[in-house]
Amino acid sequence: MANALDARSENGKIGLGTNALVWESIIPIWKMKNGEITAIELQPIELGFGRPRYARGWPEPSKNSKIMKHLKELSSAFGTNIIIQEDGTGKVEL
């Protein structure tokens, strides 16, 4: 299977895996009280872009400010405001 994936992507040179944005995400953490969401925090993560195949896909907390800035930009179109904290995490304004 690994050989087939390498052949299909020309050893990681073409395809979706060459897009750095695919290897970035966030983990949401929310708090609730009486069935209502009271806070939503967002932890940016990276999934190993540019690493060897065996080392990709493992989420790690990220200090890359571009991840949260990009999410903030995308979310604003839906009326969602994300406040970027000093430590690089985000907080959704409720």
Side-chain angles (χ1 to χ4, degrees):
M1 183 60 144
N3 291 340
L5 292 172
D6 285 343
R8 188 174 91 180
S9 70
E10 295 182 14
N11 291 316
K13 295 178 187 149
I14 63 169
L16 190 60
T18 62
N19 181 347
L21 292 176
V22 172
W23 300 93
E24 301 172 345
S25 191
I26 58 101
I27 295 176
I29 303 160
W30 63 92
K31 296 177 183 172
M32 298 183 74
K33 187 173 183 179
N34 299 323
E36 299 289 325
I37 294 178
T38 59
I40 302 173
E41 298 171 11
L42 307 170
Q43 172 65 57
I45 60 169
E46 294 185 49
L47 297 163
F49 179 72
R51 291 187 182 167
R53 181 172 23 92
Y54 66 86
R56 291 185 297 228
W58 297 93
E60 294 182 0
S62 176
K63 298 292 183 189
N64 182 350
S65 63
K66 291 179 182 178
I67 297 171
M68 199 55 61
K69 288 177 185 174
H70 185 233
L71 182 63
K72 179 181 175 100
E73 180 182 317
L74 293 172
S75 299
S76 68
F78 298 97
T80 302
N81 186 35
I82 297 173
I83 301 163
I84 300 174
Q85 308 292 307
E86 285 185 30
D87 64 358
T89 61
K91 189 172 185 177
V92 176
E93 193 174 74
L94 298 177

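Fair warning: this is a prediction, and the values are worked out from it, not measured in the lab.
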Going by the rule salt bridge (charged side-chain N to carboxylate O under 4.0 Å, His left out), which residues pair with R53 if we only count those two or more places apart in sequence or in a different chain?
D6
Using the test side chain to side chain contact (heavy atoms under 4.5 Å, CB included), find all partners of D87 that sit at least two apart in sequence or belong to another chain.
Q85, T89
Cluster partners of W58, using ILVMFWY side-chain heavy atoms under 4.5 angstrom, listed by chain and number?
none
Would you give the length of the straight line joining atom NZ of K91 to atom CD1 of I83, rounded to the nearest 0.5 angstrom?
7.0 Å
Among all residues two or more places apart in sequence or in another chain, which pass the salt bridge (charged side-chain N to carboxylate O under 4.0 Å, His left out) test with K63?
none
For residues 67-75, run the donor-acceptor check on the side chains, cut-off 3.5 Å, and write out each pair with its distance to 0.1 Å, sequence neighbours left out.
{"residue": "K72", "atom": "NZ", "partner": "N81", "partner atom": "OD1", "Å": "3.3"}
{"residue": "K72", "atom": "NZ", "partner": "I82", "partner atom": "O", "Å": "2.6"}
{"residue": "S75", "atom": "OG", "partner": "L71", "partner atom": "O", "Å": "2.8"}

Sorted by chain and residue number, the side-chain hydrogen bond (donor to acceptor under 3.5 Å, both in side chains) partners of E60 (sequence neighbours excluded) come out as R51
Connecting only ILVMFWY residues whose side-chain heavy atoms lie within less than 4.5 Å of each other, what is the rest of I14's hydrophobic cluster?
none
Applying side chain to side chain contact (heavy atoms under 4.5 Å, CB included), name anything that partners N34, two or more places apart in sequence or on another chain.
none
Tell me whether L47 is reachable from L16 by hopping between hydrophobic residues (I, L, V, M, F, W, Y) whose side-chain heavy atoms are closer than 4.5 Å.
yes
Name the atoms and distances for all side-chain donor-acceptor pairs under 3.5 Å in residues 39-46, with sequence neighbours left out.
{"residue": "E46", "atom": "OE2", "partner": "S62", "partner atom": "OG", "Å": "2.6"}

Pairs meeting criterion salt bridge (Lys or Arg N to Asp or Glu O under 4.0 Å) with involvement of residues 9-18, two or more places apart:
none
Could you pull out every donor-acceptor pair under 3.5 Å between side chains of residues 18-29 and any protein atom, sequence neighbours left out?
{"residue": "T18", "atom": "OG1", "partner": "G15", "partner atom": "O", "Å": "2.6"}
{"residue": "N19", "atom": "OD1", "partner": "L21", "partner atom": "N", "Å": "3.0"}
{"residue": "W23", "atom": "NE1", "partner": "G17", "partner atom": "O", "Å": "2.9"}

